[in-house]
Amino acid sequence: QVQLVESGGGLVQAGGSLRLSCVASGNIFSINDMSWYRQAPGKQRELVAAITSGGSTNSADSVKGRVTITRDNAKNTVYLQMNSLKSEDPAIYYCNANIITTARVWDVSKLIGTHYWGKGTLVTVST
């Protein structure tokens with residue numbers, strides 16, 4: 001069983017900063033890409049930023065220059081540092097990770113890759 005648990009959301013003033021964290025736990029063999037998504041009321045879930053296991057990153061144009069995604073592979077944790085928060089940033093922020101787990105199938109160990117989601121953390125911006 002694998003779990004992703006986000007933390008760090010909250011209420012912040014426009015122009016302020018927040019640092020979100022997401023910890024993966026459970027039967028983890030390795031973790032490939034880790035990402036942050038967000039979903040605002042009435043809108044589709046959208047990618048905010050992603051990071052590969054090697055540390056390569058990309059981010060959405062709407063947040064480029066304002067967010068930094070990092071990860072600590074030893075802690076199975078991904079972070080999202082958000083600065084200069086704007087009125088368009090409030091949303092539930094979700095962590096997603098492509099996690100490799102081990103399973104035994106007919107007495108043979110297999111590696112299985114699955115995308116897991118956390119339950120989200122709410123970010124609110126006051127203007």
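Surrounding CD of Q44 are at most 12 heavy atoms belonging to other residues, nucleotides or ligands under 6.0 Å away. Atom CD of Q39 has more than 12 heavy atoms from other residues, nucleotides or ligands within 6.0 Å. Counted within 6.0 Å of NZ on K43, heavy atoms from surrounding residues, nucleotides or ligands total 12 or fewer; the atom is thus considered open.
The side chain to side chain contact (heavy atoms under 4.5 Å, CB included) with R71 is formed by just one residue from the set N76, I31, T77; it is I31.
Taking 4.5 Å as the limit, every side-chain heavy atom of I92 sits out of range of all side-chain heavy atoms of K119. No side-chain heavy atom of V78 sits under 4.5 Å from any side-chain heavy atom of T70. Using a 4.5 Å cut-off on side-chain heavy atoms (C-beta onward), T57 and T68 make no contact. You'll find the side chain of Y94 stays beyond 4.5 Å of the side chain of R38, heavy atoms only. Considering only heavy atoms from C-beta on, V123 stays 4.5 Å or farther from P90 through its side chain.
For N32, the side-chain contact (heavy atoms from CB on, under 4.5 Å) test picks out N98, I100, with sequence neighbours left out. Partners of D33 under the side-chain contact (heavy atoms from CB on, under 4.5 Å) rule, at least two apart in sequence or in another chain, are T52.
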V125/S87 under side chain to side chain contact (heavy atoms under 4.5 Å, CB included): CA gap, chis, key distance, verdict: CA-CA 6 Å; V125 178; S87 58; 5.6 Å; no

The test is side chain to side chain contact (heavy atoms under 4.5 Å, CB included); show your working for S56 and I51 and say whether it passes. CA-CA 5 Å; S56 298; I51 185 168; over 6 Å; no

Using the rule given for side-chain hydrogen bond (donor to acceptor under 3.5 Å, both in side chains), can you reason through N83 versus S17, listing the C-alpha separation, both sets of side-chain angles and the distance that settles it, and then say yes or no? CA-CA 4 Å; N83 301 321; S17 300; 2.9 Å; yes

S109/T102 under side chain to side chain contact (heavy atoms under 4.5 Å, CB included): CA gap, chis, key distance, verdict: CA-CA 7 Å; S109 290; T102 58; 5.8 Å; no

Go through it in stages, so that I can follow the logic: the residues are I69 and M82, the test is side chain to side chain contact (heavy atoms under 4.5 Å, CB included), and I'd like the CA-CA distance, side-chain angles, deciding distance and then a yes or no. CA-CA 9 Å; I69 185 170; M82 301 190 295; over 6 Å; no

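The closest donor-acceptor contact from the side chain of R66 to the backbone of S84 lies under 3.5 Å. Judged purely by atom type and a 3.5 angstrom limit, K110 has no side-chain atom pairing as donor or acceptor with the backbone of R104.
Cluster partners of V108: none. The rule joins Ile, Leu, Val, Met, Phe, Trp and Tyr whenever side-chain heavy atoms lie under 4.5 Å apart, and it links nothing here. The hydrophobic cluster of Y79 has no other members, since no ILVMFWY side-chain heavy atom comes under 4.5 Å of it. By the 4.5 Å side-chain criterion applied to Ile, Leu, Val, Met, Phe, Trp and Tyr, V23 is assigned to no cluster and stands alone.
For residues 34-59, the pairs satisfying ring-ring contact (aromatic ring centres under 6.0 Å, His included) are Y37-W117, with sequence neighbours left out.
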